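Structure first, commentary second.
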There are 2 protein chains.
Amino acid sequence: MPTLLPVTACCEPLTQAPLSAEQAATFATRLKALADPARLRIVSLLAAAAEGEVCVCDLTEPLGLSQPTVSHHLKVLHEAGLVTRQKRSTWVYYAAVPAALEAIAEVLAPRG
Amino acid sequence: MPTLLPVTACCEPLTQAPLSAEQAATFATRLKALADPARLRIVSLLAAAAEGEVCVCDLTEPLGLSQPTVSHHLKVLHEAGLVTRQKRSTWVYYAAVPAALEAIAEVLAPRG
DNA sequence: CCCAACGATCGACGGCTGTCAATGGTGACG
DNA sequence: CGTCACCATTGACAGCCGTCGATCGTTGGG
């Protein structure tokens with residue numbers, strides 16, 4: 001079963017030392033989760049939501065994708081630790097995880 | 001023909017406003033270039049190189065990949081603006097572009 | 001002039017991935 | 001209890017992608 005990636009950074013900064021094959025694989029997994037137009041738009045929609053929470057039914061229309069496709073993308077994002085999932089009665093609310101984005105940014109370009 | 005992406009940031013921060021389909025597509029292209037274990041290792045090898053320049057023949061062995069495969073990855077990275085290419089006589093030297101990594105990081109998590 | 005080394009390109013192949021229609025599970029409500 | 005909305009899962013399919021072997025252009029050296 002897919003194990004959720006921890007929010008914490010997975011490796012040292014890219015510019016510091018060469019990545020091992022294992023480090024590169026895990027970091028690539030997280031980057032791949034983000035490297036898709038639909039998923040980038042989902043994350044930006046979640047992050048920009050006023051209430052910070054959005055249900056799936058509110059995403060299909062602005063994205064122009066079918067409901068199963070949106071669910072699939074949300075699953076990928078969730079397994080990568082980039083969004084949180086919370087079910088309340090009939091609706092499932094997703095929210096962005098800013099710390100995960102910051103962790104990725106930190107690996108790419110450590111704060112100066 | 002593949003047009004090289006400019007080094008400058010392509011969009012506003014993710015957390016600020018929802019991305020348009022076009023913005024998401026171009027940013028995803030650049031992220032995809034980085035979201036691969038081999039290419040991540042290449043970038044880190046280039047960035048960590050003492051002289052800042054590495055030729056293809058020095059990359060095949062530490063990566064454990066064939067020369068055509070390494071050339072392919074370097075082409076992808078070059079078209080994404082993540083590495084520079086400079087041919088001197090027989091050898092071709094590649095170097096990392098730190099500004100490109102910083103531009104990506106800036107979109108993911110703007111530093112305040 | 002021929003040869004060797006470097007690097008890019010081509011062609012091919014297997015695997016991964018984004019997408020949808022169809023289906024299933026679950027909670028709300030009359 | 002029946003029905004409906006929301007969401008996840010499944011199955012299928014086309015397209016993309018990472019990889020390699022083979023080949024080609026180029027440059028430098030005997």
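Since the model is a prediction, treat every value here as computed from it, not as a measurement. Below, read A as the first sequence line, B as the second, and so on, with proteins coming before strands; counting in each chain starts at 1. Heavy-atom basis, side chains included; hydrogens, waters and symmetry copies ignored.
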_CZ on B:R39 to NZ on B:K75, rounded to 0.5 Å_ = 12.5 Å

*Measure the spacing between CG of A:L59 and CD1 of A:I42 and express it to the nearest 0.5 Å.*
6.0 Å

*Taking only heavy atoms on the protein side, list every residue of residues 35-46 of chain A lying under 4.0 Å from any atom of DNA chain C, sorted numerically.*
A:D36, A:R39

*Name all residues meeting the side chain to side chain donor-acceptor pair (under 3.5 Å) criterion together with A:T84; count only those two or more places apart in sequence or in a different chain, and write none if there are none.*
none

*Name all residues meeting the side chain to side chain donor-acceptor pair (under 3.5 Å) criterion together with B:T90; count only those two or more places apart in sequence or in a different chain, and write none if there are none.*
none

*Any side chain to side chain donor-acceptor pair (under 3.5 Å) involving residues 42-61 of chain B? Give me the pairs, sequence neighbours left out, ordered by first then second residue.*
B:E53-B:R88

*If you walk 5' to 3' along DNA chain C, what is the first nucleotide with an atom under 4.0 Å of a heavy atom in chain A, and what is the last?*
C:dG18 to C:dA28

_When you compare the side chain of A:L65 with that of A:H73, does any pair of heavy atoms fall below 4.5 Å?_
yes

*Of all residues at least two apart in sequence or in a different chain, which pass the side-chain contact (heavy atoms from CB on, under 4.5 Å) check with A:S20?*
A:E22, A:Q23

*Bending between helix ends of the helix from C:dC1-D:dG30 to C:dG30-D:dC1 [5 pairs per end, 10° resolution]*: 10°

*Among all residues two or more places apart in sequence or in another chain, which pass the side-chain contact (heavy atoms from CB on, under 4.5 Å) test with A:P68?*
A:S66

*Which residues satisfy the side-chain contact (heavy atoms from CB on, under 4.5 Å) test with B:A35, sequence neighbours excluded?*
A:L31, A:K32, A:A35

*Quickly, which of A:L46, A:L45, A:V43, A:L63 forms a side chain to side chain contact (heavy atoms under 4.5 Å, CB included) with B:P18? Name it, please.*
A:L45

*Output all residues satisfying side chain to side chain donor-acceptor pair (under 3.5 Å) with B:R41, sequence neighbours left out; order by chain, then residue number.*
none

*Which residues satisfy the side-chain contact (heavy atoms from CB on, under 4.5 Å) test with B:A105, sequence neighbours excluded?*
A:A105, A:L108, A:A109

*asked:* Rounded to whole Å, how long is the line connecting atom CG of B:L34 with atom P of D:dG18?
replied: 12 Å

*Would you give a per-nucleotide map of nucleotides 3-14 of chain D, 5' to 3', where B means the base has a protein non-hydrogen atom under 4.0 Å away, S means only the sugar-phosphate does, and - means neither?*
---SBBB-----

